[in-house]
Student: 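Handing you this structure, nothing more for now.
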Amino acid sequence: MSMSPSLPTVPILARLLLGSNLGDRAGLLAAARQVLAATAGDIVAQSGLYETAAWGLESQPAFLNQALTVSTWLRPEALLDACQAAEQHAGRQRLEHWGQRTLDVDILFYGSHVIQSPRLTVPHPRLPERRFALVPLAEIARAVRHPQLGLRVRDLLLHCPDPLAVEPWKGPA
């Protein structure tokens, strides 16, 4: 199913997840917020920072993750371009699938749209199985419904099979 929304007639609330596990993680997330605010749209909500165990390739440093709600006029693939530009601005290199990174920006939801294109799948296909995404997202969007599953974010979190730790970040040690 391919559904690519036309240019929005009202801003779309997109839910993004930021993650970093290399360098000054908190600084990289702050810089990403600035870049995204300048290129993607107004940040209308942001979660706290969460320190999370690496998922998928677990033998790497812990991540800092943060969820954002962005009010955007961008079409989905243009929003993806803005997210990837923020990653490049942070020096992201794509060397290994699920590997270490200075910055990762995922589009979790684009309003209530379902998008399937060669470059983009929204809602994020692995969202229901990733506690590191659901915990910060639930902080700012508990009642938002997954457009395919019909479950609210808080319910996805309750049923998430991921056992990895997700803790509020207490700052540099």
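Residue numbers count from 1 along this sequence.
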Student: Would a distance-only check, ignoring hydrogens and angles, find a side-chain to backbone donor-acceptor pair under 3.5 Å from Ser71 to Pro11?
Tutor: no
Student: Scan residues 109-119 for pairs that pass salt bridge (Lys or Arg N to Asp or Glu O under 4.0 Å), counting only residues two or more places apart or in two chains.
Tutor: Glu77-Arg119, Asp81-Arg119
Student: With sequence neighbours excluded, give me every side chain to side chain donor-acceptor pair (under 3.5 Å) pair touching residues 32-49.
Tutor: Arg33-Gln66
Student: Given the rule in the side-chain contact (heavy atoms from CB on, under 4.5 Å) test, do Phe109 and Leu137 qualify, once you have shown the distances and angles that lead to the verdict?
Tutor: CA-CA 10 Å; Phe109 294 129; Leu137 184 60; 3.8 Å; yes
Student: Nearest 0.5 Å please: distance from the OG1 atom of Thr72 over to the CG atom of Leu79.
Tutor: 5.0 Å
Student: Considering all heavy atoms of both residues, which atom of Ala90 and which atom of Leu103 are nearest to each other, and what is their separation?
Tutor: CB-CB, 3.6 Å
Student: Indicate every side-chain donor-acceptor pair of residues 153-165 with a distance under 3.5 Å to a residue at least two apart or in another chain.
Tutor:
| from | atom 1 | to | atom 2 | distance (Å) |
| --- | --- | --- | --- | --- |
| Asp162 | OD1 | Leu164 | N | 2.9 |
| Asp162 | OD2 | Arg131 | N | 3.0 |

Student: Could you tell me which residues satisfy side chain to side chain donor-acceptor pair (under 3.5 Å) with Thr52, sequence neighbours excluded, listed by chain and number?
Tutor: Asn65
Student: Please name all residues satisfying side chain to side chain donor-acceptor pair (under 3.5 Å) with Thr121, sequence neighbours left out, ordered by chain then number.
Tutor: Gln116
Student: For Pro123 and Gln148, which heavy atoms make the closest approach, and how far apart are they?
Tutor: CD-OE1, 3.4 Å
Student: Would you compute the distance between atom CG of Leu16 and atom CG of Leu108 and round it to the nearest 0.5 angstrom?
Tutor: 7.0 Å
Student: Can you check side-chain contact (heavy atoms from CB on, under 4.5 Å) on Asp104 and Glu87, steps first, answer last?
Tutor: CA-CA 6 Å; Asp104 186 42; Glu87 291 175 346; 3.3 Å; yes
Student: By salt bridge (Lys or Arg N to Asp or Glu O under 4.0 Å), which residues pair with Asp24, not counting sequence neighbours?
Tutor: none
Student: Can you list the residues that meet the ring pair (Phe, Tyr, Trp, His ring centres under 6.0 Å) rule with Tyr50, with sequence neighbours excluded?
Tutor: none
Student: Say whether, by atom type as modelled, one donor and one acceptor occur between the side chain of Ser20 and the main chain of Leu64 under 3.5 angstrom.
Tutor: no
Student: For the CZ atom of Arg15 and the CG atom of Leu68, what is their distance to the nearest 0.5 Å?
Tutor: 11.0 Å
Student: Heavy atoms only: give me the nearest Phe63-Gly19 pair and the separation to one decimal.
Tutor: CD2-C, 4.1 Å
Student: Report the hydrophobic cluster partners of Leu13, with the cluster defined as I, L, V, M, F, W, Y residues connected by side-chain heavy atoms closer than 4.5 angstrom, directly or transitively.
Tutor: Val44
Student: Would you name the heavy atoms of Cys83 and Ile107 that are closest together and state the gap between them?
Tutor: SG-CG1, 4.0 Å
Student: Nearest heavy-atom pair of Leu74 and Ala82: which atoms, and what distance?
Tutor: CD1-CB, 4.2 Å
Student: What are the two closest heavy atoms between Pro136 and Leu17, and how far apart are they?
Tutor: CG-CD1, 4.0 Å
Student: Could you tabulate the donor-acceptor pairs under 3.5 Å formed by side-chain atoms of residues 25-32, not counting sequence neighbours?
Tutor:
| from | atom 1 | to | atom 2 | distance (Å) |
| --- | --- | --- | --- | --- |
| Arg25 | NH1 | Glu51 | OE2 | 2.9 |
| Arg25 | NH1 | Ala62 | O | 3.0 |
| Arg25 | NH2 | Glu51 | OE2 | 2.8 |

Student: Looking at residues at least two apart in the chain, or sitting in another chain, which of them share a ring pair (Phe, Tyr, Trp, His ring centres under 6.0 Å) with His124?
Tutor: none
Student: So which residues get pulled into Val35's cluster when ILVMFWY side chains under 4.5 Å apart are joined, directly or through others?
Tutor: none
